[in-house]
Every structure is written in structure tokens, then in C-alpha cells.
Amino acid sequence: MKKKRLLIAIILLLAALLTACADETESSTTLSNKNPISGGEITWALAGTVTEDNLDAHKSGNAQNGRVTRSIYDSLVHETKDGEIEPWLAESWKISEDGKTYTFHLKENVSFTDGTPFDAEAVKFNFDRIKDPATNGTNSMNELGPYESSDVLDKYTVKVNFSKPFAPFLSNAAKSDLGFVSPAAVEKFGEAYPQNPVGTGPFKVKSFTPGTQVVLVKNEDYDWAPDGWGHEGEAYLDKITVQFVPEEATRLGVLQSKQVHAADIVPPQNLVLLRTDPQFNILETELRQINYSMYLNPQKEPWDDLDVRKAVRAALNIESAVEIVYLGTSEQAWSPVTTNMNGYAASVENSWEYNPQLSAHLLEDAGYKKNADGIWAKNGKSLTIDFLDTQGNREKRIDLATVFQNQLKEAGIQLNIVSLSAGEYLERRLAGDYDMIAASQFSGDPDVMRMIFSTKGPNGEENLARANKPELDEWLERGYSTNDEKVRNENYGKAQEYIIENAYSIPTYLFQYSFATVAELKGIEFDSPGFPVFYDAWLQQ
């Protein structure tokens with residue numbers, strides 16, 4: 001009995017010691033997390049490449065470009081996770097009673113990394129540049145909406161004028177695509193500015209090797225971060241090397257072997273494994289954006305027939321395809337915009353279904369018959385979709401298209417995946433020379449729908465969906481021209497219902513952006529709409 005009691009006592013003592021050690025470790029870790037270390041260099045394996053070798057805040061509308069430029073360019077204001085607007089380069093602002101004028105009082109002693117001052121003249125230069133058609137920055141132009149002009153009231157006060165109220169402006173002004181470029185650098189580099197970017201951000205470009213990497217180094221003069229960020233002064237990290245690694249297996253491999261400190265867009269099949277591995281951290285956020293959607297060209301036969309567009313949609317089992325490709329890490333999308341977007345219309349959920357019988361019925365009524373190959377045909381022409389792509393398998397999109405290709409073939413519809421260079425893709429897109437095209441577009445406000453669906457948006461009649469409907473244009477115009485959230489949501493709801501009812505968009509999946517790091521890399525946050533911010537990031541030694 002004494003031996004048993006002694007054994008129990010020893011076990012209890014060991015348990016106490018282990019608990020104490022664990023508490024000490026936890027305490028030490030907590031203390032370490034609260035005391036970031038300055039210095040250190042990291043390497044980030046970026047999913048994809050910087051499109052068109054472009055790091056110009058006003059021209060780089062692709063998500064992977066924006067993930068890099070967020071560290072280079074600052075914004076007038078900062079938008080919190082809760083949607084609150086806080087000061088950044090602007091100390092304060094006032095909105096006129098008619099909602100058409102914003103007067104900003106800027107922080108003093110802010111400078112671009114080329115040493116030139118950031119002031120009211122720089123704000124005017126940037127906004128005027130964005131609205132200049134020669135800039136050709138579609139996303140930034142959309143974010144400025146009905147911008148008219150800027151008036152410099154004094155060195156640090158600027159009045160921004162709109163032709164009509166523009167409710168999304170402050171939210172848009174927090175985005176990297178309304179970030180501020182150095183007027184002096186634009187003048188110096190001219191057409192080569194996108195490869196020689198200069199902002200006011202916490203990091204500056206040391207070198208840019210197109211197609212390979214961008215090297216960012218700390219801006220040692222930086223002292224104007226938003227109050228809500230984790231510290232003041234310069235960033236903790238000395239250098240960030242952003243390597244372009246489009247192949248997901250390679251990104252995962254270099255992360256797991258710790259050749260890099262971070263990798264984004266982790267393959268779904270590897271997320272579960274990394275989540276349980278204490279050597280790594282997984283950060284995730286649902287982007288606020290236009291969902292990755294497919295657009296059949298309604299200005300081209302036979303897609304000008306609504307029943308044919310609906311027949312294609314009914315032949316797609318999107319829920320199954322998303323499950324197969326993303327393994328439960330993403331869900332089917334029902335609306336053009338994400339569920340976390342203001343004005344999201346839940347009314348469109350389950351408003352269509354996978355129904356091969358309905359697809360066949362619609363095509364028969366439209367005059368189609370199956371040919372010897374089992375493909376629907378009319379007047380001797382097979383029902384074939386040429387699907388244009390230029391970004392490869394980013395976010396497993398080609399994998400998804402391949403599943404759709406098989407589903408459509410079973411339903412008697414031929415889908416051809418046509419991979420093009422960026423230049424060829426753009427040329428054919430602008431000319432409307434396509435059957436189907438697909439894209440997503442990041443943003444924090446449902447006004448982004450004007451880019452895709454409105455003839456009054458920056459793309460005009462060349463909008464991606466090739467929609468040309470006055471009522472749709474009107475709803476989207478009303479949506480941005482009032483600060484009344486109820487009115488905005490009503491109009492955006494009508495727009496979403498109309499788009500889905502008329503099959504101008506076939507939404508596919510809700511994208512969860514994943515960012516994996518080694519356990520020693522801490523302090524990374526996401527901005528709105530969901531890009532990584534490295535200002536508070538630090539490397540534990």
C-alpha cells in the first residue's frame with residue numbers, strides 16, 4: 001500500500017512539474033508575442049506572378065499584384081475589420097451636406113520613399129491621374145466613381161469633388177488601388193513606372209525581377225501608420241523577398257522545407273495537415289469581392305438566347321464541382337458578390353439547380369438536336385463553348401473548369417479551355433470575341449458590380465458580362481449615389497436578382513484566402529478586402 005501511495009505521489013509530482021513547465025512555456029511564449037523583435041528577413045512564396053510586370057497602384061487590378069502593392073502604397077484612410085473608417089494619411093475629413101465633396105486634412109511630414117513630400121498637390125495629382133483615360137486603370141477608375149476634380153486649399157488640405165454623391169468613396173479610399181504614387185517618380189520613369197514604383201508605405205522596392213521576384217526593404221522614415229495598428233514608427237522586418245511561385249505543389253514544398261517563411265493560397269488537401277502541425281500557422285479570410293464567376297457572352301449567338309444560357313447553367317453541378325476541387329474548404333456561391341459584402345441578396349440562394357433534364361428540355365425547345373457524337377447541334381453547328389483563360393490554375397480554377405468540362409460533355413455541350421497570353425486575352429475580351437470568360441474582382445463595396453455589369457461603369461459596353469440593360473445600369477447607379485444603406489441594399493438586391501434571373505453570371509465558389517507561415521513569423525494581419533499586411537509582422541529568433 002505504501003509503494004502504491006508513493007507511486008501515486010510521484011505521478012502527481014511529475015504532473016505538477018509538467019504543468020508548471022507548460023505554464024512557464026506558455027507564459028514565455030505569451031511574453032515573447034507581446035514583445036516583437038525588430039530586424040529579420042523573410043521570403044514569401046506568392047501564388048502567381050505580378051501580372052504584366054506591373055506594380056503601379058493605379059493600373060494593377062489583379063489580386064496578386066495588390067497583395068504586393070499593399071506594402072508599398074498607403075491610403076487616405078484605413079478600414080477596420082468591422083467596417084469602421086479611421087484616419088491614415090488623412091488626419092480628418094468632412095463631407096458636404098449634398099454628399100458630393102470631401103475635404104481632407106492631411107498628416108504633415110509624410111514623404112514618398114524618393115524623398116518628395118506627400119501633400120495636397122500629390123493627392124490631386126493621383127486622383128486626376130486615375131481618371132485620365134490614358135492611365136487605363138479600370139479598377140482604380142471604378143473606385144473613384146463620378147470623380148470630377150480636386151482643389152488644393154493649402155499645402156495639407158484638399159477638397160475632392162464628385163458630380164454626384166458617391167457612397168463607397170471612403171471604403172474605396174482605404175484600398176491599395178487608390179494608394180498614392182510619387183508624382184516625381186511618375187514623371188521620372190514615365191512608361192517604366194510600373195516596374196519602378198514609389199509610394200509612402202512601410203516598405204519600398206529594392207529590386208524587381210519581372211517574372212521572378214520583388215525585393216522589399218523597410219522604409220526607415222516611416223512614422224504614419226494608422227492608430228489601430230500594432231505599433232508606431234518603422235516596420236519590424238528589414239526585408240521581404242516576394243518570390244513568384246504559381247505551382248501550388250512547389251509553394252507547399254518550399255514552405256514545408258522552410259526554404260520560405262510564408263506561402264499563400266495553400267492547396268485544400270494540405271490545409272488540414274498544416275493546421276495540426278505546430279511548426280506552421282494558418283491564417284484565413286474570406287475576400288470581399290465579385291465571386292469567381294463565368295460569363296456567357298449574351299451579345300454573341302447562341303448565348304443571346306436566355307434559354308440557352310440557362311441550359312448551360314442547369315447542366316452544371318456547381319456544388320459537387322466545388323466539393324471535388326476544394327475539398328470542403330470553399331462553398332458554392334449563388335450571387336455575383338460575396339456573402340460578407342454589404343447589400344448581399346440572400347434571395348438568390350438556391351434560385352437555380354443542377355437539372356440535366358431541364359437543360360435538355362430548354363435546348364430541345366430552342367431547336368437543338370443531339371448529333372452522332374452526343375453533342376447538341378442546331379443548323380449543323382455543334383453547341384460548343386470556347387472558354388478563354390489567361391491565369392492558369394490560380395486558385396485551382398483550371399481544375400474547376402475541367403470538372404465543368406466533363407459535366408457539360410455528359411449533358412451534350414462541348415467546353416474548350418482556350419489558354420491565351422495576357423495580351424491576346426485582353427484583345428479578345430475587349431473585342432467581345434469569346435463565348436465564355438471568367439473572373440473575380442476584389443473590392444469592399446457592392447459598387448464593384450458596375451465594373452462587370454454596367455454600361456455606365458469604367459468598361460462601358462465592353463463590360464465583362466456584356467450586359468447592356470438600362471434597368472440594371474440604373475439600379476447600380478442608384479446604389480452608389482445615396483448614403484442611405486437601406487436604399488443602397490434594395491438597389492443592389494434588385495441588381496443581383498436580375499443578373500441571376502437572366503444568367504448574366506454563373507457564380508462558382510466563395511474563396512477563402514489562406515496564408516501559411518512558419519511558426520516563428522508573427523503579427524501578419526489582413527486589410528480590407530483581405531490582403532496581407534506586414535507592418536506589424538516580426539520574426540521570432
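Just so it is clear, the structure is predicted and the values come from calculations on it, not from any experiment.
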Before accepting this row, confirm whether a basic side-chain N of the pair [X]/[Y] lies closer than 4.0 Å to the acidic partner's carboxylate O.
X	Y	value
Glu364	Lys369	no
Lys310	Asp307	no
Lys494	Glu490	no
Arg394	Asp389	no

Distance check, rounded to the nearest 0.5 Å: [X] atom [atom1] versus [Y] atom [atom2]?
X	Y	atom1	atom2	result
Asp447	Glu143	CG	CD	7.5 Å
Ile290	Ser505	CD1	OG	7.5 Å
Asn371	Gln414	CG	CD	10.0 Å
Ser293	Ile506	OG	CD1	9.0 Å
Thr482	Phe166	OG1	CZ	13.0 Å
Lys381	Thr384	NZ	OG1	8.5 Å

If we only count heavy atoms from C-beta on, is the [X] to [Y] side-chain gap below 4.5 Å?
X	Y	value
Leu363	Ser359	yes
Met436	Tyr295	no
Pro532	Phe534	yes

Donor-acceptor pair, distance only, cut-off 3.5 Å: does the side chain of [X] make one with the backbone of [Y]?
X	Y	answer
Asn393	Asp399	yes
Arg428	Ala431	no
Thr285	Leu287	no
Tyr498	Lys469	no
Asn317	Ser320	yes
Asn161	Glu148	no
Gln405	Leu415	yes
Asn291	Leu510	no
Asp277	Gln279	yes
Arg309	Leu296	no

Practice task
Could you tell me how the ring of Trp229 sits relative to the ring of His78: parallel (under 30°), tilted (30 to 60°) or perpendicular (over 60°)?
Solution key: perpendicular
Practice task
Specify whether Phe127 and Phe180 have parallel, tilted or perpendicular ring planes, treating 30° as the upper limit for parallel and 60° as the lower limit for perpendicular.
Solution key: tilted
Are a donor atom and an acceptor atom from the side chains of [X] and [Y] found within less than 3.5 Å of each other?
X	Y	value
Ser382	Lys378	no
Thr51	Gln64	yes
Asp435	Trp303	yes
Arg450	Thr455	no
Glu497	Ser351	no
Ser454	Asp473	yes
Arg288	Ser528	yes
Tyr480	Glu477	yes
Asp98	Ser96	yes
Thr338	Asn340	yes

Exercise for the section: Please lay out, stage by stage, how Glu86 and Thr80 fare under the test side-chain contact (heavy atoms from CB on, under 4.5 Å). Expected result: CA-CA 7 Å; Glu86 297 181 345; Thr80 69; 3.5 Å; yes
Practice task
Check whether NZ of the Lys or CZ of the Arg Arg67 lies under 6.0 Å from the centre of the six-membered ring of Tyr513 and within 45 degrees of that ring's axis.
Solution key: yes
Pair [X] and [Y], ring centroids less than 6.0 Å apart:
X	Y	value
Tyr102	Trp93	no
Phe515	Trp44	yes
Tyr292	Tyr509	yes

Do other residues, nucleotides or ligands put more than 12 heavy atoms under 6.0 Å from [X] [atom1]?
X	atom1	answer
Lys370	NZ	yes
Glu349	CD	yes
Asp484	CG	yes
Glu427	CD	no

Problem - Option among Asn297, Ile437, Leu388, Thr390 that satisfies the side-chain contact (heavy atoms from CB on, under 4.5 Å) test with Arg429 - result: Ile437
Minimum-distance pair of heavy atoms, taken over all atoms of [X] and [Y]:
X	Y	answer
Pro302	Val308	O-CB, 3.7 Å
Pro168	Arg488	CG-NH2, 3.4 Å
Ala57	Gly179	CB-O, 4.1 Å
Ala422	Glu52	CB-OE2, 4.3 Å
Ser440	Arg397	OG-NH2, 2.9 Å
Gly479	Tyr492	C-OH, 3.1 Å

Exercise for the section: Sort out for me which residue in Asn62, Thr138, Asn139 forms a side chain to side chain donor-acceptor pair (under 3.5 Å) with Gln441. Expected result: Asn139
Practice task
Just do the side chain to side chain donor-acceptor pair (under 3.5 Å) check on Lys131 and Thr135 with the steps written out, would you?
Solution key: CA-CA 8 Å; Lys131 290 301 285 189; Thr135 301; over 6 Å; no
Quiz: residues 269-276 side-chain donor-acceptor pairs under 3.5 angstrom, not counting sequence neighbours:
| unit_1 | atom_1 | unit_2 | atom_2 | d |
| --- | --- | --- | --- | --- |
| Arg275 | NH2 | Glu284 | OE1 | 2.8 |
| Arg275 | NH2 | Glu284 | OE2 | 3.3 |
| Thr276 | OG1 | Leu273 | O | 2.9 |

Fill in the blank from the handout: For residues 393-447, the ring pair (Phe, Tyr, Trp, His ring centres under 6.0 Å) pairs (sequence neighbours left out) are Phe442-Phe531
Exercise for the section: List in chain and number order the residues that pass ring-ring contact (aromatic ring centres under 6.0 Å, His included) with Trp352, two or more places apart in sequence or in another chain; answer none if no residue qualifies. Expected result: Trp334
Practice task
Kindly determine whether Ser335 and Gln496 satisfy side chain to side chain donor-acceptor pair (under 3.5 Å), including the steps that lead there.
Solution key: CA-CA 7 Å; Ser335 165; Gln496 290 166 72; 2.7 Å; yes
